[in-house]
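For the single chain, residues carry numbers from 1 onward in sequence order. Everything numeric in this text was worked out from a predicted model, so none of it was measured.
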Amino acid sequence: MKNPIETLGYKIFNNAQDGESGMPKLSRRTFMVISAALGSSCSMASSEKPQPGPQAAAQDPTAAPARTAPNREYRTPKVQGPVPRNPDMNLPASGGSGGITFSRVAVSQPYVAMTFDDGPHPKNTPRLLDMLRERNIKATFYVIGRNVDLYPNVLRRTVSEGHEIGNHSYTHPILSKLSDSALREELTKCRDAVARAAGVQPRTMRPPYGALLQRQRELVHSELRYPTILWSVDPLDWKRPGASVITSRINSQTTPGAIILAHDLHGGTVDAMPATLDGLLRKGYKFVTVSQLLAMAAPPAPAGPIAAGQ
(Lines give C-alpha, C1' and ligand atoms only; values in the text may rest on other atoms or scores of the structure.)
Protein backbone atom coordinates (compact mmCIF):
# COMPACT_ATOMS: atom_id res chain seq x y z
CA MET A 1 0.00 0.00 0.00
CA LYS A 2 1.43 3.36 -1.00
CA ASN A 3 1.90 5.98 1.67
CA PRO A 4 -0.02 9.29 1.29
CA ILE A 5 3.04 11.26 0.16
CA GLU A 6 3.82 8.75 -2.59
CA THR A 7 0.22 8.70 -3.80
CA LEU A 8 -0.05 12.50 -3.84
CA GLY A 9 3.36 12.86 -5.45
CA TYR A 10 2.57 10.51 -8.32
CA LYS A 11 -0.75 12.27 -8.96
CA ILE A 12 0.79 15.73 -9.01
CA PHE A 13 3.85 14.68 -11.00
CA ASN A 14 1.79 12.87 -13.64
CA ASN A 15 -0.54 15.85 -13.98
CA ALA A 16 2.45 18.13 -14.43
CA GLN A 17 3.86 15.84 -17.08
CA ASP A 18 0.54 15.81 -18.94
CA GLY A 19 0.13 19.58 -18.69
CA GLU A 20 -3.19 19.34 -16.84
CA SER A 21 -4.53 22.53 -15.32
CA GLY A 22 -6.12 22.96 -11.96
CA MET A 23 -3.39 21.12 -10.10
CA PRO A 24 -2.19 22.59 -6.78
CA LYS A 25 0.86 24.80 -7.12
CA LEU A 26 3.93 23.54 -5.31
CA SER A 27 6.97 25.37 -4.14
CA ARG A 28 10.29 24.17 -5.53
CA ARG A 29 11.21 22.82 -2.09
CA THR A 30 7.98 20.86 -1.75
CA PHE A 31 8.37 19.40 -5.26
CA MET A 32 11.89 18.24 -4.43
CA VAL A 33 10.70 16.58 -1.20
CA ILE A 34 8.03 14.68 -3.12
CA SER A 35 10.54 13.74 -5.84
CA ALA A 36 12.88 12.32 -3.22
CA ALA A 37 10.03 10.38 -1.59
CA LEU A 38 9.15 8.86 -4.94
CA GLY A 39 12.72 7.86 -5.72
CA SER A 40 13.04 10.13 -8.75
CA SER A 41 16.10 9.30 -10.76
CA CYS A 42 18.85 11.93 -10.58
CA SER A 43 17.24 13.44 -7.48
CA MET A 44 20.40 13.03 -5.45
CA ALA A 45 22.57 14.42 -8.22
CA SER A 46 21.62 18.03 -7.72
CA SER A 47 22.91 17.87 -4.15
CA GLU A 48 26.38 17.08 -5.46
CA LYS A 49 28.31 20.35 -5.53
CA PRO A 50 30.75 20.90 -8.40
CA GLN A 51 34.40 21.25 -7.53
CA PRO A 52 35.70 24.80 -7.01
CA GLY A 53 36.86 26.73 -10.04
CA PRO A 54 40.37 28.04 -10.69
CA GLN A 55 40.00 31.14 -8.48
CA ALA A 56 38.85 29.10 -5.48
CA ALA A 57 41.64 26.60 -6.06
CA ALA A 58 44.19 29.40 -6.07
CA GLN A 59 42.90 30.70 -2.74
CA ASP A 60 42.62 27.24 -1.17
CA PRO A 61 45.48 24.87 -2.04
CA THR A 62 43.46 21.89 -0.80
CA ALA A 63 40.59 22.57 -3.21
CA ALA A 64 40.17 20.12 -6.07
CA PRO A 65 41.53 21.43 -9.37
CA ALA A 66 39.05 22.56 -11.97
CA ARG A 67 41.01 20.84 -14.75
CA THR A 68 41.74 17.16 -14.50
CA ALA A 69 44.81 15.18 -15.42
CA PRO A 70 44.62 11.54 -16.55
CA ASN A 71 43.53 9.24 -13.74
CA ARG A 72 46.57 7.05 -13.09
CA GLU A 73 45.60 5.88 -9.61
CA TYR A 74 42.76 3.49 -10.43
CA ARG A 75 43.07 0.18 -12.22
CA THR A 76 39.93 -1.67 -13.16
CA PRO A 77 39.89 -4.97 -11.22
CA LYS A 78 39.98 -8.06 -13.37
CA VAL A 79 36.95 -10.30 -13.37
CA GLN A 80 37.24 -14.05 -13.15
CA GLY A 81 37.32 -15.77 -16.50
CA PRO A 82 37.34 -14.18 -19.95
CA VAL A 83 35.57 -10.83 -20.30
CA PRO A 84 32.78 -11.01 -22.89
CA ARG A 85 32.90 -8.40 -25.63
CA ASN A 86 30.23 -6.54 -27.48
CA PRO A 87 30.36 -7.38 -31.21
CA ASP A 88 31.65 -4.86 -33.71
CA MET A 89 28.71 -3.28 -35.51
CA ASN A 90 28.43 -0.85 -38.39
CA LEU A 91 25.14 0.86 -37.64
CA PRO A 92 23.65 4.19 -38.69
CA ALA A 93 23.78 6.88 -36.00
CA SER A 94 20.64 8.68 -37.10
CA GLY A 95 17.40 8.15 -38.91
CA GLY A 96 14.46 6.03 -37.94
CA SER A 97 11.49 7.42 -36.07
CA GLY A 98 10.99 11.16 -35.79
CA GLY A 99 9.23 10.84 -32.46
CA ILE A 100 9.47 13.40 -29.68
CA THR A 101 9.82 11.20 -26.57
CA PHE A 102 11.32 7.73 -26.11
CA SER A 103 11.66 5.49 -23.08
CA ARG A 104 12.42 2.39 -25.16
CA VAL A 105 12.49 1.41 -28.84
CA ALA A 106 10.73 -1.43 -30.61
CA VAL A 107 13.49 -3.56 -32.18
CA SER A 108 13.61 -6.97 -33.82
CA GLN A 109 16.91 -8.04 -32.20
CA PRO A 110 18.31 -7.84 -28.63
CA TYR A 111 19.79 -4.34 -28.87
CA VAL A 112 19.87 -2.10 -25.80
CA ALA A 113 21.29 1.34 -24.96
CA MET A 114 23.28 1.89 -21.77
CA THR A 115 23.10 5.49 -20.54
CA PHE A 116 24.90 7.33 -17.76
CA ASP A 117 23.74 10.63 -16.26
CA ASP A 118 25.24 13.55 -14.35
CA GLY A 119 28.91 13.35 -15.32
CA PRO A 120 31.56 13.80 -16.22
CA HIS A 121 33.07 12.84 -12.87
CA PRO A 122 36.85 13.15 -12.45
CA LYS A 123 37.35 9.64 -10.99
CA ASN A 124 34.24 7.56 -11.65
CA THR A 125 33.91 8.33 -15.35
CA PRO A 126 37.49 7.28 -16.25
CA ARG A 127 36.99 4.04 -14.29
CA LEU A 128 33.81 3.41 -16.22
CA LEU A 129 35.48 4.16 -19.55
CA ASP A 130 38.10 1.51 -18.75
CA MET A 131 35.34 -1.05 -18.25
CA LEU A 132 33.46 -0.11 -21.40
CA ARG A 133 36.59 -0.16 -23.55
CA GLU A 134 37.54 -3.63 -22.34
CA ARG A 135 34.10 -4.89 -23.43
CA ASN A 136 33.89 -2.94 -26.72
CA ILE A 137 30.71 -1.19 -25.50
CA LYS A 138 29.65 2.25 -26.68
CA ALA A 139 27.37 4.05 -24.24
CA THR A 140 25.55 7.37 -24.14
CA PHE A 141 26.53 9.94 -21.50
CA TYR A 142 23.97 12.59 -20.52
CA VAL A 143 26.30 15.24 -19.17
CA ILE A 144 25.74 18.31 -17.01
CA GLY A 145 27.26 21.37 -18.66
CA ARG A 146 28.92 22.80 -15.57
CA ASN A 147 30.66 19.45 -14.97
CA VAL A 148 31.86 19.51 -18.57
CA ASP A 149 33.40 22.94 -17.93
CA LEU A 150 35.11 21.58 -14.81
CA TYR A 151 36.38 18.34 -16.36
CA PRO A 152 36.77 18.84 -20.12
CA ASN A 153 39.58 16.28 -20.35
CA VAL A 154 37.23 13.55 -19.16
CA LEU A 155 34.67 14.51 -21.78
CA ARG A 156 37.30 14.56 -24.51
CA ARG A 157 38.36 11.03 -23.62
CA THR A 158 34.72 9.92 -23.60
CA VAL A 159 34.19 11.26 -27.11
CA SER A 160 37.53 10.00 -28.43
CA GLU A 161 36.61 6.45 -27.39
CA GLY A 162 33.44 6.52 -29.46
CA HIS A 163 30.74 7.21 -26.89
CA GLU A 164 27.76 9.44 -27.55
CA ILE A 165 27.08 12.63 -25.62
CA GLY A 166 23.58 13.76 -24.63
CA ASN A 167 22.37 17.06 -23.18
CA HIS A 168 21.36 16.91 -19.50
CA SER A 169 21.12 20.70 -18.95
CA TYR A 170 23.78 23.04 -17.57
CA THR A 171 22.90 23.13 -13.85
CA HIS A 172 20.49 20.16 -13.42
CA PRO A 173 17.31 22.07 -12.49
CA ILE A 174 13.70 20.92 -12.69
CA LEU A 175 13.10 22.03 -16.28
CA SER A 176 9.32 21.78 -16.01
CA LYS A 177 9.44 24.70 -13.56
CA LEU A 178 11.35 26.98 -15.93
CA SER A 179 10.18 29.56 -18.44
CA ASP A 180 10.77 28.84 -22.11
CA SER A 181 13.71 31.26 -22.19
CA ALA A 182 15.32 29.67 -19.12
CA LEU A 183 14.80 26.20 -20.61
CA ARG A 184 16.54 27.27 -23.81
CA GLU A 185 19.42 28.75 -21.83
CA GLU A 186 19.95 25.56 -19.81
CA LEU A 187 20.13 23.41 -22.92
CA THR A 188 22.14 25.78 -25.10
CA LYS A 189 24.71 26.39 -22.36
CA CYS A 190 25.20 22.64 -21.98
CA ARG A 191 25.42 22.23 -25.76
CA ASP A 192 28.03 24.98 -25.99
CA ALA A 193 30.08 23.50 -23.12
CA VAL A 194 30.21 20.15 -24.92
CA ALA A 195 31.23 21.85 -28.17
CA ARG A 196 34.02 23.79 -26.43
CA ALA A 197 35.38 20.73 -24.69
CA ALA A 198 35.21 18.13 -27.44
CA GLY A 199 34.01 19.73 -30.67
CA VAL A 200 30.83 17.65 -30.91
CA GLN A 201 27.12 18.34 -30.51
CA PRO A 202 24.67 16.36 -28.35
CA ARG A 203 22.14 14.46 -30.45
CA THR A 204 19.47 13.93 -27.79
CA MET A 205 18.49 15.34 -24.41
CA ARG A 206 17.36 13.89 -21.09
CA PRO A 207 15.59 16.17 -18.60
CA PRO A 208 16.80 15.99 -15.00
CA TYR A 209 14.39 13.90 -12.93
CA GLY A 210 12.56 13.10 -16.18
CA ALA A 211 10.55 16.29 -15.58
CA LEU A 212 9.56 18.01 -18.81
CA LEU A 213 6.08 19.02 -19.89
CA GLN A 214 4.78 17.77 -23.22
CA ARG A 215 4.63 21.34 -24.50
CA GLN A 216 8.29 21.79 -23.57
CA ARG A 217 9.26 18.54 -25.25
CA GLU A 218 7.67 19.76 -28.45
CA LEU A 219 9.49 23.09 -28.15
CA VAL A 220 12.86 21.38 -27.60
CA HIS A 221 12.27 19.04 -30.53
CA SER A 222 11.19 21.88 -32.82
CA GLU A 223 13.90 24.40 -31.93
CA LEU A 224 16.90 22.30 -30.91
CA ARG A 225 16.05 19.07 -32.76
CA TYR A 226 16.48 17.00 -29.59
CA PRO A 227 14.18 14.06 -28.92
CA THR A 228 13.52 13.65 -25.20
CA ILE A 229 15.06 10.40 -23.93
CA LEU A 230 13.69 8.83 -20.78
CA TRP A 231 14.26 5.19 -19.76
CA SER A 232 12.64 1.78 -19.35
CA VAL A 233 15.12 0.35 -16.80
CA ASP A 234 15.84 2.25 -13.59
CA PRO A 235 17.91 0.50 -10.88
CA LEU A 236 17.43 3.44 -8.47
CA ASP A 237 21.19 3.54 -8.12
CA TRP A 238 21.07 7.09 -6.69
CA LYS A 239 19.77 5.47 -3.47
CA ARG A 240 23.11 3.61 -3.26
CA PRO A 241 21.60 0.13 -2.73
CA GLY A 242 24.92 -1.63 -3.34
CA ALA A 243 26.62 -2.97 -6.45
CA SER A 244 24.99 -6.39 -6.38
CA VAL A 245 21.50 -4.91 -6.11
CA ILE A 246 22.13 -2.54 -9.03
CA THR A 247 23.37 -5.47 -11.13
CA SER A 248 20.38 -7.62 -10.23
CA ARG A 249 17.85 -4.88 -11.01
CA ILE A 250 19.33 -4.03 -14.40
CA ASN A 251 19.82 -7.63 -15.49
CA SER A 252 16.29 -8.64 -14.46
CA GLN A 253 14.50 -5.62 -15.95
CA THR A 254 16.28 -5.39 -19.31
CA THR A 255 14.46 -6.48 -22.47
CA PRO A 256 15.24 -5.87 -26.17
CA GLY A 257 14.98 -2.19 -27.04
CA ALA A 258 15.54 -1.06 -23.46
CA ILE A 259 17.08 2.28 -22.54
CA ILE A 260 18.94 1.64 -19.28
CA LEU A 261 19.44 4.46 -16.78
CA ALA A 262 22.49 4.70 -14.51
CA HIS A 263 24.65 7.46 -13.04
CA ASP A 264 28.44 7.68 -13.34
CA LEU A 265 28.23 10.28 -10.58
CA HIS A 266 28.09 7.43 -8.03
CA GLY A 267 31.04 5.15 -7.32
CA GLY A 268 28.79 2.25 -6.37
CA THR A 269 27.16 2.33 -9.78
CA VAL A 270 30.53 2.07 -11.50
CA ASP A 271 31.49 -0.76 -9.15
CA ALA A 272 28.38 -2.62 -10.36
CA MET A 273 29.13 -2.28 -14.06
CA PRO A 274 31.51 -5.23 -14.70
CA ALA A 275 28.99 -7.79 -13.45
CA THR A 276 26.08 -5.88 -14.98
CA LEU A 277 27.58 -5.55 -18.45
CA ASP A 278 28.97 -9.08 -18.48
CA GLY A 279 25.62 -10.49 -17.39
CA LEU A 280 23.78 -8.76 -20.21
CA LEU A 281 26.42 -9.71 -22.79
CA ARG A 282 26.21 -13.36 -21.76
CA LYS A 283 22.44 -13.21 -22.21
CA GLY A 284 23.03 -12.16 -25.81
CA TYR A 285 22.30 -8.44 -25.56
CA LYS A 286 24.14 -6.07 -27.88
CA PHE A 287 24.96 -2.54 -26.76
CA VAL A 288 24.43 0.48 -29.01
CA THR A 289 24.18 4.23 -28.47
CA VAL A 290 20.82 5.92 -28.06
CA SER A 291 20.97 7.42 -31.56
CA GLN A 292 21.75 4.01 -33.04
CA LEU A 293 18.85 2.49 -31.13
CA LEU A 294 16.49 5.22 -32.38
CA ALA A 295 17.64 4.54 -35.93
CA MET A 296 16.40 0.95 -35.53
CA ALA A 297 12.90 2.03 -34.53
CA ALA A 298 10.35 0.28 -36.70
CA PRO A 299 8.04 2.74 -38.49
CA PRO A 300 4.44 2.64 -37.27
CA ALA A 301 2.24 0.25 -39.20
CA PRO A 302 -0.01 2.03 -41.72
CA ALA A 303 -3.62 2.25 -40.71
CA GLY A 304 -5.80 -0.30 -42.44
CA PRO A 305 -8.77 0.60 -44.61
CA ILE A 306 -11.82 1.80 -42.75
CA ALA A 307 -14.71 -0.60 -43.16
CA ALA A 308 -17.98 0.74 -44.49
CA GLY A 309 -20.30 2.01 -41.80
CA GLN A 310 -17.48 2.90 -39.35
Side-chain angles (χ1 to χ4, degrees), residues 41 76 78-117 119 127-142 158 161-166 202-206 210 227-237 241 243-264 269-302:
S41 298
T76 304
K78 295 294 183 182
V79 297
Q80 293 183 350
V83 174
R85 284 178 58 84
N86 200 48
D88 290 319
M89 292 174 284
N90 184 17
L91 300 171
S94 61
S97 175
I100 293 176
T101 304
F102 296 88
S103 58
R104 61 176 300 110
V105 175
V107 296
S108 59
Q109 296 187 50
Y111 291 104
V112 296
M114 192 76 217
T115 69
F116 298 96
D117 288 12
R127 289 176 53 203
L128 176 60
L129 293 173
D130 290 345
M131 299 169 186
L132 295 172
R133 180 173 58 186
E134 187 173 16
R135 292 159 177 81
N136 196 37
I137 291 173
K138 308 305 180 188
T140 302
F141 289 79
Y142 286 97
T158 304
E161 294 187 4
H163 302 287
E164 183 170 288
I165 305 302
R203 289 194 176 109
T204 63
M205 70 86 65
R206 171 173 285 162
T228 297
I229 305 301
L230 301 178
W231 53 84
S232 59
V233 177
D234 182 359
L236 300 178
D237 57 327
S244 62
V245 174
I246 294 171
T247 294
S248 175
R249 288 173 178 173
I250 292 177
N251 285 354
S252 64
Q253 295 175 26
T254 298
T255 56
I259 298 175
I260 304 167
L261 172 67
H263 298 78
D264 54 328
T269 298
V270 178
D271 293 341
M273 284 303 107
T276 301
L277 301 173
D278 292 352
L280 293 175
L281 286 169
R282 290 185 175 117
K283 286 184 176 181
Y285 286 105
K286 302 174 184 179
F287 291 89
V288 296
T289 66
V290 165
S291 289
Q292 289 172 332
L293 193 65
L294 295 183
M296 299 176 189

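- Thr247 contributes a side-chain N or O that, together with a main-chain N or O of Ala243, makes up a donor-acceptor pair within less than 3.5 Å.
- Looking at Arg127 and Asp271, a side-chain N of the basic residue comes within less than 4.0 Å of a carboxylate O on the acidic one, giving a salt bridge.
- Using modelled atom types, no side-chain atom of His163 and backbone atom of Thr158 make a donor-acceptor pair closer than 3.5 Å.
- Annotation: the span from Asn86 atom CG to Leu281 atom CG amounts to 5.5 Å, rounded to 0.5 Å.
- Comment: Glu164 does not engage Lys138 in a salt bridge, judged by the lack of any side-chain N to carboxylate O separation of less than 4.0 angstrom.
- In this structure, the side chains of Leu236 and Val245 stay at 4.5 Å or more apart for every pair of heavy atoms.
- In this structure, Thr204 contributes its side chain and Pro227 its backbone to no donor-acceptor pair below 3.5 Å.
- Contact record, Thr269 with Ala262: CG2-CB, 3.9 Å, taken as the closest heavy-atom pair.
- In this structure the side chain of Ile259 never reaches within 4.5 angstrom of the side chain of Met114, judged on heavy atoms.
- Here the shortest heavy-atom pairing between Arg135 and Pro84 reads CG-O, 3.5 Å.
- Among the candidates Ile137, Leu129, Asn136, Asp130, the single residue satisfying the side-chain contact (heavy atoms from CB on, under 4.5 Å) test with Arg133 is Asp130.
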Margin query: Checking Thr115 against Arg206 for the side chain to side chain donor-acceptor pair (under 3.5 Å) test, could you report, in this order, the C-alpha distance in whole Å, the side-chain angles of both residues, the deciding distance, and whether it holds?
Written below: CA-CA 10 Å; Thr115 69; Arg206 171 173 285 162; 2.8 Å; yes
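- Put simply, CZ on Phe287 and CG on Leu293 are 12.0 Å apart, with the number rounded to the nearest 0.5 Å.
- Without hydrogens or angle criteria, Thr140 side chain to Val290 main chain gives a donor-acceptor distance under 3.5 Å.
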Next item on the list: Tell me, with the steps shown, if Arg203 and Thr289 meet side chain to side chain donor-acceptor pair (under 3.5 Å).
Entry: CA-CA 11 Å; Arg203 289 194 176 109; Thr289 66; 5.6 Å; no
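- Atom CZ of Phe102 and atom CG of Leu230 lie 10.5 Å apart (nearest 0.5 Å).
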Item checked: Intermediate values then yes/no, side-chain contact (heavy atoms from CB on, under 4.5 Å), Val105 and Leu294 -> CA-CA 7 Å; Val105 175; Leu294 295 183; 3.7 Å; yes
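- Atom CD1 of residue Ile246 and atom CD1 of residue Ile250 lie 7.0 Å apart, to the nearest 0.5 angstrom.
- With a 4.5 Å cut-off on side-chain heavy atoms, Met273 and Phe116 count as touching.
- Two residues are said to be in side-chain contact when any heavy atoms from C-beta on lie closer than 4.5 Å; Gln109 and Pro256 fail this criterion.
- Glu134 contributes atom CD, which lies 8.0 Å from atom CG of Asp278 (distance to the nearest 0.5 angstrom).
- Arg249 CZ to Ser244 OG: the interatomic distance, rounded to the nearest 0.5 Å, is 9.5 Å.
- With hydrogens and angles disregarded, no donor-acceptor distance shorter than 3.5 Å links the side chain of Thr254 to the backbone of Asn251.
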Checklist line | Test log, rule side-chain contact (heavy atoms from CB on, under 4.5 Å), inputs Ile260 and Asp234 | finding: CA-CA 7 Å; Ile260 304 167; Asp234 182 359; over 6 Å; no
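- Considering only heavy atoms from C-beta on, Pro110 comes within 4.5 Å of Tyr285 through its side chain.
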Next item on the list: Take Met296 and Tyr111 through the side-chain contact (heavy atoms from CB on, under 4.5 Å) test and state the conclusion after the steps.
Entry: CA-CA 9 Å; Met296 299 176 189; Tyr111 291 104; 3.4 Å; yes
